[in-house]
Amino acid sequence: MDKHRRQHEPDLLQAALTAVQLPGLQWEVVEREPGGQATRGDAVLCLRFDGRELRYVAELKRGLRRATLGAALHQLANHGEQGLLVADYVTPPMADELRRRGVQFIDAAGNAWLTQPPLHVWVKGERPKEALAPPTQGGRAFQATGLQVLFALLCRPAAVDLPYREIAALAGVAHGTVGWVMAELPQLGFVAMLRKRRRLIDAERLLKRWVDAYPQRLRPKLLLGRYDTRKLDWVEAIDATRYGLLLGGEPAAARLTQHLRPGTATFYGNKVEPNLLTDQRLQPDRNGNVEVLRRFWNFEGETPGMVPHLLVYADLLAIGDARCLEIAGEMHAGIAAGFA
DNA sequence: AGACCCCTTGTCAGGGATGT
DNA sequence: ACATCCCTGACAAGGGGTCT
């Protein structure tokens with residue numbers, strides 16, 4: 001199963017290690033995909049210089065964006081070791097952002113931020129080399145509707161053995177789409193046949209890939225409306241069901257953890273009730289702090305009036321600021337427990 | 001045992017959506 | 001505007017269960 005994972009990130013690691021060749025620095029790949037555990041990073045690296053050896057747990061990320069930054073940082077933080085982000089290309093603003101957040105990185109263009117005193121490396125502004133490989137996000141499973149199917153399976157692992165039409169109903173897609181996705185999952189190492197029944201395996205790794213792809217491929221398609229409001233304090237007490245909405249993102253996280261003051265508000269529903277806009281004095285604004293997204297799944301979450309926790313988790317990562325990542329970290333164990 | 005039936009799954013053309 | 005991608009729904013075949 002690891003074979004396919006390597007195909008997904010073919011030479012990114014080698015390309016980055018080659019690009020970041022500085023006098024006196026020597027990279028060594030200690031391990032690829034240690035233990036196959038998603039929580040332990042994509043590789044373990046050793047950096048030698050001046051007779052010292054520094055150990056890094058690396059996360060490989062292609063096509064890093066603002067929206068996927070949160071997931072990347074969250075994964076790095078989960079390792080509990082010195083983390084290193086390995087990207088195909090880090091733009092100058094992104095490089096500044098990573099440095100500001102204390103995230104060490106290298107990329108395939110030769111940009112780098114490494115700081116383990118007395119080592120300090122700061123290279124920024126290198127242009128990307130020719131595209132490493134076409135952005136092979138991998139077939140249908142990680143397209144928008146594929147992600148809907150995977151979401152249903154991650155929330156309800158047992159559903160993987162349901163008939164395609166039932167899975168399709170849960171996921172809100174056509175059953176033909178389920179066929180395409182289900183054909184790929186065994187190849188990707190996420191589904192195994194056991195006594196003629198399908199079983200979801202390696203769900204933790206699938207979750208990781210899902211939260212990475214969600215803000216890129218699916219989330220942008222769900223936007224029903226975005227609005228601005230000066231004050232968000234109403235969010236903490238709102239009965240969203242009055243407007244046919246479910247709490248997501250920060251409002252949901254605030255209810256679950258009791259120690260987050262939402263800086264943004266995410267709701268999921270089928271449409272935007274005009275009452276919501278008048279009651280809460282919301283002004284349409286494409287950069288606003290309140291968003292309503294289309295509910296794409298057809299099953300109940302764990303908490304009434306709230307989207308499934310896994311989606312709260314994913315949205316926190318997509319928001320990506322430090323507070324949200326902290327809460328996401330607290331939620332992770334609870335979500336992973338659902339896979340057992 | 002055989003016939004029948006329904007559920008499930010695979011396949012594919014059409015066209016809608018999306019990106020260039 | 002055009003090309004590409006891929007989602008959808010229709011159709012047909014496979015397979016297992018049931019009834020006679």
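As the structure is a computational prediction, the values presented were derived from the model and not from experiment. Below, chain A is the first sequence line, B the second, and so on; all start at residue 1.
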Rounded to the nearest Å, what distance is computed from the [atom1] atom of residue [X] to the [atom2] atom of nucleotide [N]?
{"X": "A/I167", "N": "B/dT8", "atom1": "CD1", "atom2": "P", "answer": "11 Å"}
{"X": "A/W180", "N": "B/dC12", "atom1": "CH2", "atom2": "P", "answer": "9 Å"}
{"X": "A/K221", "N": "B/dG16", "atom1": "NZ", "atom2": "C1'", "answer": "11 Å"}
{"X": "A/L222", "N": "B/dT18", "atom1": "CG", "atom2": "P", "answer": "12 Å"}
{"X": "A/Q143", "N": "C/dC7", "atom1": "CD", "atom2": "P", "answer": "6 Å"}
{"X": "A/E166", "N": "B/dC7", "atom1": "CD", "atom2": "P", "answer": "11 Å"}
{"X": "A/E184", "N": "C/dC7", "atom1": "CD", "atom2": "P", "answer": "10 Å"}
{"X": "A/Q148", "N": "C/dT8", "atom1": "CD", "atom2": "P", "answer": "8 Å"}

Hey, mind stepping through A/L22 and A/F49 against side-chain contact (heavy atoms from CB on, under 4.5 Å) and telling me if it holds? CA-CA 10 Å; A/L22 297 165; A/F49 83 105; over 6 Å; no
A/F105 and A/W122 aromatic ring geometry - parallel, tilted or perpendicular at 30°/60° bounds: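 Ring orientation of A/W122 relative to A/F105: perpendicular.
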Parallel, tilted or perpendicular, as decided by the 30° and 60° cut-offs, for the rings of A/W297 and A/F299: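 Rings of A/F299 and A/W297: tilted, as their planes differ by 30° to 60°.
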Under 4.0 angstrom, heavy atoms only, what part of the nucleic acid is A/T177 near: base, sugar-phosphate, or nothing?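 Answer is base: heavy atoms of A/T177 come under 4.0 Å of a base.
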Nearest to side-chain heavy atoms of A/P163, which nucleotide of C/dA10, C/dC7, B/dT8: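 So the side chain of A/P163 is nearest to B/dT8.
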Within a reach of under 6.0 Å around CZ of A/R66, are more than 12 heavy atoms found that belong to other residues, nucleotides or ligands?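 Not more than 12 within 6.0 Å, no.
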